[in-house]
Each structure stands twice: as structure tokens, then as C-alpha cells.
Amino acid sequence: MKIGFVGKGGSGKTTLSSLFIRHLATTGAPVVAVDADINQHLGPALGLDDAEAAALPPMGGHLPLIKEYLRGDNPRIASAETMIKTTPPGRGSRLLRVDEENPVYAACARPVRLDGGEVRLMATGPFTESDLGVACYHSKVGAVELCLNHLVDGAGEYVVVDMTAGSDSFASGMFTRFDMTFLVAEPTRKGVSVYRQYREYARDYGVALCVVGNKVQGPDDLEFLRAEVGEDLLVTVGHSDWVRAMEKGRPPHFSALEAENRAALETLLATADAAYGLRDWERYTRQMVHFHRKNAESWGNERTGADLAGQIDPEFLLSEDAALALPG
């Protein structure tokens, strides 16, 4: 299952995604966690110290390796240099699975031990001073989008992405890559503003969206969220002494998380799992192709000097049953 966490900056999006990842780890399920936020806070939220978080290999720095591996022997892709963030897989491409060993994970993922088990953590890499004036942050998260386009995951396997804050999530087609999107919203006018934007995009593309109310302190906060987001409100989370201790770098064992907050995480997991039965691989593939054509026409063809529409394999459908001829 591919699950995205989105929300306004400061909404608690990274905190909630880290709690969900920890909860998944207690089940023993295979988990790939991805920090696609410009602020790169997911590692520390999962217990890494500053040095460990800084040592995470940036996916953007390994983009040539990622492209070359995923390209495989797809005859429609002349070279890794002609691949862009939206390049779709086709016959001959390599796919990524959640629970496997491959060169992409070897270069970009690091194991993180949690109370209940272990997850793989990947990060886009921070936006540094050397990028100022010469790079766009979306070029860094392009590595994440390319990997998601080539990812085949099944029931009981999880990829959890902490997305960049606010409406920047719509700068590419990556927002359509998830089986379930959890939007974290505070009970304030600003807190629900991103929800309104996301709801419109989600409706246009059939994106499954649920709202997680965060920092809810009483009945007035709950009533506000219900009035603003209606049936999209799935669950709410209030104050947590466990989270406060985690933010100080001294969290107790995860089993000490408050019962009401653990119940909220169980609701998130049950909702994500229920989305599995609603998967539409044809729509998923069609949207992938749609955004690739848009990017090719707007900038990709000019930048690569190639007609990138030719990378689209009209007879290929990404699915769990996709049979690719993997190069040896």
C-alpha cells in the first residue's frame, strides 16, 4: 500500500507519519518510509540523531543510478539521460518491490530500528545553499516520483511518504501515486486551507483522501473540523505526552503511547488496508502516462532533446501481475 501524508507546514504531518510508521513496524510488516519534505524531519522523528539524519544518502544524489537501474532493457528508453521524473515503466523496465534487495535500496535506503521492528528509510535530501539560484526543490523529489512510478506493492506491504508541505504537493503528478492520502489538519482556518485545495485536486483525479485532525483539544475543535471538512474527517489526535517526550529525544517504548492515540493509528491502518480492494491499476497507469505527456511537452522534450512521448508503452499495464523481462 502506498500512503501519503500531506498538510500545512506545522500541522504535525511529519509527527503523524512517523507515528504511523512506528505503528506499522509493530506489526512486522515490510515498510519503506520516504522523507519527501523539504525540511527533512522524518529521520529525527523516527529517532535518528542529527548526525545519523545528516548521513542519510540523498535520493536526488543517486538519480543517475536510479534511472539506469529502472530503465533495464526497455527498448523505448534510449538512455538514462532521457528519463525524467514522470517516465513510466514499460516492457523491459525494472520494477521495485517493497520487500526485496536491489541497487536502489542499497544506495538510498538505510535500516532504522524501532521498538516494534525495522523499516527502510529513504530521503530526497535537503535543499542546500549550493542549490540556490540553480535548482528547484521539485527536481529533488523527482527521484521519489520516478521510484513510485516503478513500484509494485501488495497487500500487507507499505510505502509511507511524508510529502512536502502545503500546495507544493501538486507541483507534479506524485499526489496521484497513493492508495490513500491522509491530510493532517489543525482546527484553525489556516489548518483547513490546504484541505480545500487538496480536495479539489483529489476529486479531479480520483484520489482517496481522509483528514486527520491534529492538536484537537476539546469539543469546539472537533465541531470546527466537522463543519469544515465534513465526512472527510476520519479521526482526531489530541495532546500526547509520548510525542512530547519524543520531541525531546527521550521517547519511552512505543507501547507507552496513549490508548486513544494508538486507536487512532489503528483506524488509519484499517482505512489504508481497506483501500487495497479499490485499486484501479488501469487508472493508475493512465494517470502516470497523462502526467508524463504533460511534463514532456512543457519542458522534458526540450531539456533532453528527445520526444519523450515515445517512452510510453501502450501495451503495458502496471500491476501486481506485471511480468517484466528483468535484465540479468
Side-chain angles (χ1 to χ4, degrees), residues 3-27 31-56 58 110-127 158 160-166 168-169 181-188 190-192 194-195 211-218 221-222 225 234-269:
I3 300 159
F5 279 80
V6 300
K8 181 182 70 66
S11 64
K13 164 181 65 69
T14 298
T15 297
L16 264 295
S17 60
S18 71
L19 290 177
F20 185 67
I21 291 164
R22 288 176 183 270
H23 182 63
L24 288 175
T26 67
T27 71
V31 180
V32 174
V34 183
D35 191 346
D37 191 352
I38 191 171
N39 294 310
Q40 300 286 278
H41 290 322
L42 184 58
L46 291 174
L48 301 188
D49 61 30
D50 291 343
E52 290 170 327
L56 288 172
R110 293 295 178 265
V112 176
R113 291 289 303 172
L114 300 171
D115 293 336
E118 185 175 278
V119 303
R120 280 180 168 136
L121 176 60
M122 305 173 74
T124 61
F127 196 71
Y158 301 91
V160 182
V161 182
D162 181 22
M163 294 280 281
T164 191
D168 279 356
S169 298
T181 298
F182 292 125
L183 189 147
V184 181
E186 301 170 83
T188 65
K190 288 184 178 180
V192 299
V194 173
Y195 160 76
V211 175
V212 181
N214 193 30
K215 306 176 187 179
V216 176
Q217 299 181 5
D221 287 347
L222 180 59
L225 285 173
L234 175 65
V235 72
T236 62
V237 178
H239 173 77
S240 171
D241 289 334
W242 192 96
V243 169
R244 180 59 61 85
M246 180 268 289
E247 292 173 341
K248 294 176 180 177
R250 294 177 290 181
H253 194 277
F254 190 61
S255 60
L257 182 71
E258 300 83 2
E260 61 272 21
N261 290 329
R262 184 173 294 278
L265 296 176
E266 291 172 353
T267 298
L268 297 186
L269 178 55

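Note that this is a predicted model, so its numbers are computed, not measured. Numbers for residues simply follow the sequence, beginning at 1. Note that these values count all heavy atoms, side chains included, but never hydrogens, waters or copies made by symmetry.
R262 places a side-chain heavy atom less than 4.5 Å from the side chain of H23. Looking only at side-chain heavy atoms (C-beta outward), V216 and L225 come within less than 4.5 Å of each other. Side-chain atoms of L269 and Y158, non-hydrogen and from C-beta on, do get closer than 4.5 Å to each other. Considering only heavy atoms from C-beta on, L24 stays 4.5 Å or farther from V119 through its side chain. Put simply, the side chain of T188 does not reach to within 4.5 Å of the side chain of K215, judged on heavy atoms. Within the 4.5 Å cutoff, no side-chain heavy atoms of L121 are placed close to those of I21. E52 places none of its side-chain heavy atoms less than 4.5 Å from the side chain of V112. In this structure, the side chains of L56 and Q40 stay at 4.5 Å or more apart for every pair of heavy atoms.
For the residue pair A25 and L114, the shortest heavy atom distance occurs at CB-CD1, 3.9 Å. Across all non-hydrogen atoms, the minimal contact from W242 to A256 is CD1-C, 4.0 Å. Closest of all the heavy-atom pairs between M246 and S18 is CE-OG, 4.4 Å.
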Run the side chain to side chain contact (heavy atoms under 4.5 Å, CB included) test on R22 and L265 for me, step by step, so that the C-alpha distance in whole Å, both residues' side-chain angles and the decisive distance to 0.1 Å come before the verdict. CA-CA 10 Å; R22 288 176 183 270; L265 296 176; over 6 Å; no

Does L268 form a side chain to side chain contact (heavy atoms under 4.5 Å, CB included) with V235? I'd like the steps, not just the answer. CA-CA 8 Å; L268 297 186; V235 72; 3.9 Å; yes

Using side chain to side chain contact (heavy atoms under 4.5 Å, CB included), reason through N214 and V212 one step at a time and then give a plain yes or no. CA-CA 6 Å; N214 193 30; V212 181; 5.5 Å; no

Test side chain to side chain contact (heavy atoms under 4.5 Å, CB included) applied to F5 and T14, step by step: CA-CA 8 Å; F5 279 80; T14 298; over 6 Å; no

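Atoms CD and CD, on Q217 and E186 in that order, are 10.0 Å from each other to the nearest 0.5 Å. Atom CD of residue E266 and atom CG of residue N261 lie 11.0 Å apart, to the nearest 0.5 angstrom. Summarising the geometry, atom OG1 belonging to T124 is positioned 8.0 Å from atom CG belonging to D37; distances are rounded to the nearest 0.5 Å. Atom OG1 of residue T26 and atom CZ of residue F254 lie 6.5 Å apart, to the nearest 0.5 angstrom. S240 contributes atom OG, which lies 8.5 Å from atom CD of E247 (distance to the nearest 0.5 angstrom). From T15, atom OG1 reaches atom CZ of R244 across 11.0 Å, with rounding to the nearest 0.5 Å.
For residues 249-261, no residue pair satisfies the salt bridge (charged side-chain N to carboxylate O under 4.0 Å, His left out) rule, not counting sequence neighbours. Applying the side-chain hydrogen bond (donor to acceptor under 3.5 Å, both in side chains) test to pairs two or more places apart or on separate chains, those with a residue in residues 113-123 are E101-R120.
Classification of the F20-F182 ring pair by plane angle, with boundaries at 30° and 60°, yields perpendicular.
Every residue was checked against the side-chain hydrogen bond (donor to acceptor under 3.5 Å, both in side chains) condition with D49, not counting sequence neighbours, and none meets it.
Distance alone, capped at 3.5 Å, is enough to place a donor-acceptor pair between the D35 side chain and the L42 backbone.
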